[in-house]
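Predicted, not measured: the structure shown is a model, and the values here were computed from it. Side-chain atoms are counted along with the backbone in the values below, which use heavy atoms only and exclude waters and symmetry mates.
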Amino acid sequence: MAINLSKGQKIDLTKSNPALNNITVGLGWDEASQSGGGFLGGLFSAKPASIDCDASVILLQNDRFVDKKDVVYFGQLKSTDGAIVHQGDNLTGAGDGDDEVIKVQLNAVNQKYNKMVFVVNIYQAHKRNQDFGMIRNAFIRIMDDSGMEIARYNLTDNYQGMTGLVAGELYRHGNEWKFAAVGSGMDVANLSDMLQRYK
């Protein structure tokens, strides 16, 4: 049965399930409906530009971002060790379920990485005047090889004015892997800005 996590909660993934190796991390979100004022406003208001959220994984060495190759995102879909594979960019967030999916082979992650940070940022957020206050139902979830959900964290804070989100972290604890629900927001222009926070 899946564990519903709250902000700041940490769970062990592999201690209680030593056979767990291939996991799928799904991230999802919906655009909040934005109706114009009154009947005429609803009739004539232009549909807001769709919000393009991008999920990425920042790989840290001793909690620091060291090399530009240590990020998996829509422009670099696979980690150098091949253990982390992004399944591709979703431009709108339309539809139910996971919007972007990242597969991780835990025992193949290079030993130099102690943490994987799962982040989401809005593409060209400042230029389009968009922020995560326009997003609802944001979540991160972890599934096993069979597709069964192990853990889910629904991000319920008010992220108005925030253009980047740290959803969660996978990190080593000795020989085990743990997951932490983070849910912190930041105002960034792009993914590069987010990477600077970890240098």
>> Just so I know, are the side chains of His86 and Lys78 near enough to count as touching, which here means a heavy-atom distance under 4.5 Å?
In response: no
> Would Leu106 and Ile140 show up in the same hydrophobic cluster when neighbours are defined by side-chain heavy atoms closer than 4.5 Å?
Replying inline: yes
> Gln76: what forms a side-chain contact (heavy atoms from CB on, under 4.5 Å) with it, not counting sequence neighbours?
Replying inline: Val71, Tyr73
> Do Asp157 side-chain atoms and Tyr159 backbone N/O form a donor-acceptor pair below 3.5 Å?
Replying inline: no
> Taking all non-hydrogen atoms of both residues, which atom of Asn21 and which atom of Asn107 are closest, and how far apart?
Replying inline: OD1-N, 2.7 Å
>> If I compare all heavy atoms of Ala108 with all of Asp81, which pair ends up nearest, and what's the gap?
In response: O-OD2, 3.6 Å
> Are any side-chain N or O atoms of Arg172 and backbone N or O atoms of Lys115, one a donor and one an acceptor, separated by less than 3.5 Å?
Replying inline: no
> So if you build clusters from Ile, Leu, Val, Met, Phe, Trp, Tyr with side-chain heavy-atom gaps below 4.5 Å, do Tyr171 and Val166 land together?
Replying inline: no
> From Leu155 CG over to Arg136 CZ, what is the distance, rounded to the nearest 0.5 angstrom?
Replying inline: 15.0 Å
> How close do Ile135 and Cys53 get, heavy atom to heavy atom, and via which atoms?
Replying inline: CD1-SG, 3.9 Å
>> What I'd like to find out is whether the side chain of Leu20 reaches to under 4.5 Å of the side chain of Leu13, using heavy atoms alone.
In response: yes
> When you measure from the side chain of Asn114 to the backbone N and O of Asp63, does any donor-acceptor pair fall under 3.5 Å?
Replying inline: yes
> So how far is it from Gln124 CD to Asp54 CG, rounded to the nearest 0.5 Å?
Replying inline: 10.0 Å
>> Quick check for you: to the nearest 0.5 Å, what is the distance between Asp12 atom CG and His173 atom NE2?
In response: 8.5 Å
> Does a sphere of radius 6.0 Å around NZ in Lys7 hold more than 12 heavy atoms from other residues, nucleotides or ligands, not counting ones at 6.0 Å or beyond?
Replying inline: yes
> Below 4.5 Å, heavy atoms only, C-beta onward: do Gln196 and Phe65 meet side chain to side chain?
Replying inline: no
> Got Arg197 and Val117 here, is their nearest side-chain heavy-atom distance under 4.5 Å?
Replying inline: no
> Side chains of Arg128 and Tyr123: closer than 4.5 Å at any heavy-atom pair?
Replying inline: yes
> So if you build clusters from Ile, Leu, Val, Met, Phe, Trp, Tyr with side-chain heavy-atom gaps below 4.5 Å, do Leu27 and Ile11 land together?
Replying inline: yes
> Taking C-beta and beyond as the side chain, do Asn121 and Val119 meet within less than 4.5 Å on heavy atoms?
Replying inline: no
>> Could you walk me through whether Gln61 and Tyr113 satisfy the side-chain contact (heavy atoms from CB on, under 4.5 Å) test, starting with their C-alpha distance in whole Å, then the side-chain angles of each, then the deciding distance to 0.1 Å, before giving a yes or no?
In response: CA-CA 5 Å; Gln61 301 181 41; Tyr113 302 124; 3.8 Å; yes
Donor-acceptor pairs under 3.5 angstrom involving side-chain atoms of residues 177-187: please list them, not counting sequence neighbours.
{"from": "Asp187", "atom 1": "OD1", "to": "His126", "atom 2": "NE2", "distance (Å)": "2.8"}
{"from": "Asp187", "atom 1": "OD1", "to": "Thr163", "atom 2": "OG1", "distance (Å)": "3.3"}

> Same cluster for Val101 and Val120 if Ile/Leu/Val/Met/Phe/Trp/Tyr side chains link at under 4.5 Å?
Replying inline: no
> Backbone N or O of Val85 within a donor-acceptor pair of the Gln87 side chain at under 3.5 Å?
Replying inline: yes
>> Can you confirm whether Ile23 sits close enough to Leu170 that some side-chain heavy atom of one is under 4.5 Å from a side-chain heavy atom of the other?
In response: yes
> Do side-chain atoms of Gln9 reach the backbone of Ser6 as a donor and acceptor pair under 3.5 angstrom?
Replying inline: yes
>> For the CG atom of Leu77 and the OG atom of Ser56, what is their distance to the nearest 0.5 Å?
In response: 10.0 Å
>> When you measure from the side chain of Ser79 to the backbone of Ala83, do you find a donor-acceptor pair of N or O atoms at a distance under 3.5 Å?
In response: yes
>> Holding to side chain to side chain donor-acceptor pair (under 3.5 Å), I want the full list of residues that pass it with Asn110, two or more places apart in sequence or in another chain.
In response: none
> Is there a donor-acceptor pair closer than 3.5 Å between any side-chain N or O of Glu176 and the backbone N or O of Lys15?
Replying inline: yes
> Does a side chain donor of either Thr24 or Lys103 reach within less than 3.5 Å of an acceptor in the other side chain?
Replying inline: yes
> If you round to the nearest 0.5 Å, how far is CG of Asn137 from CG of Asp99?
Replying inline: 10.5 Å
> Checking Arg152 against Phe139: charged group under 6.0 Å from the ring centre and within 45 degrees of the axis?
Replying inline: yes
> Nearest heavy-atom pair of Ile102 and Ala55: which atoms, and what distance?
Replying inline: CD1-CB, 4.5 Å
> Are Ile3 and Ile150 joined in one hydrophobic group, where the rule is that I, L, V, M, F, W and Y side chains link up if heavy atoms are under 4.5 Å apart?
Replying inline: yes
>> Could you go through Val109 and Val104, starting from their C-alpha distance and side-chain angles, then the distance that decides it, and tell me whether this counts as side-chain contact (heavy atoms from CB on, under 4.5 Å)?
In response: CA-CA 8 Å; Val109 176; Val104 181; 4.2 Å; yes
> Any donor-acceptor pair under 3.5 Å linking the side chain of Asn158 with the backbone of Gln160?
Replying inline: yes
> Has the side chain of Gln130 got a donor or acceptor atom that lies under 3.5 Å from a matching backbone atom of Ala125?
Replying inline: no
> Atom CE of Met143 and atom CD of Glu149: how far apart are they, to the nearest 0.5 Å?
Replying inline: 7.0 Å
> Has the side chain of Asp131 got a donor or acceptor atom that lies under 3.5 Å from a matching backbone atom of Gly133?
Replying inline: yes
> Are Asp70 and Ile58 side-chain neighbours, meaning at least one heavy-atom pair lies under 4.5 Å?
Replying inline: no
> For atom CG of Asn129, is the number of surrounding heavy atoms from other residues, nucleotides or ligands below 6.0 Å larger than 12?
Replying inline: no
> So, Thr156 versus Asn154: side-chain donor-acceptor pair below 3.5 Å or not?
Replying inline: no
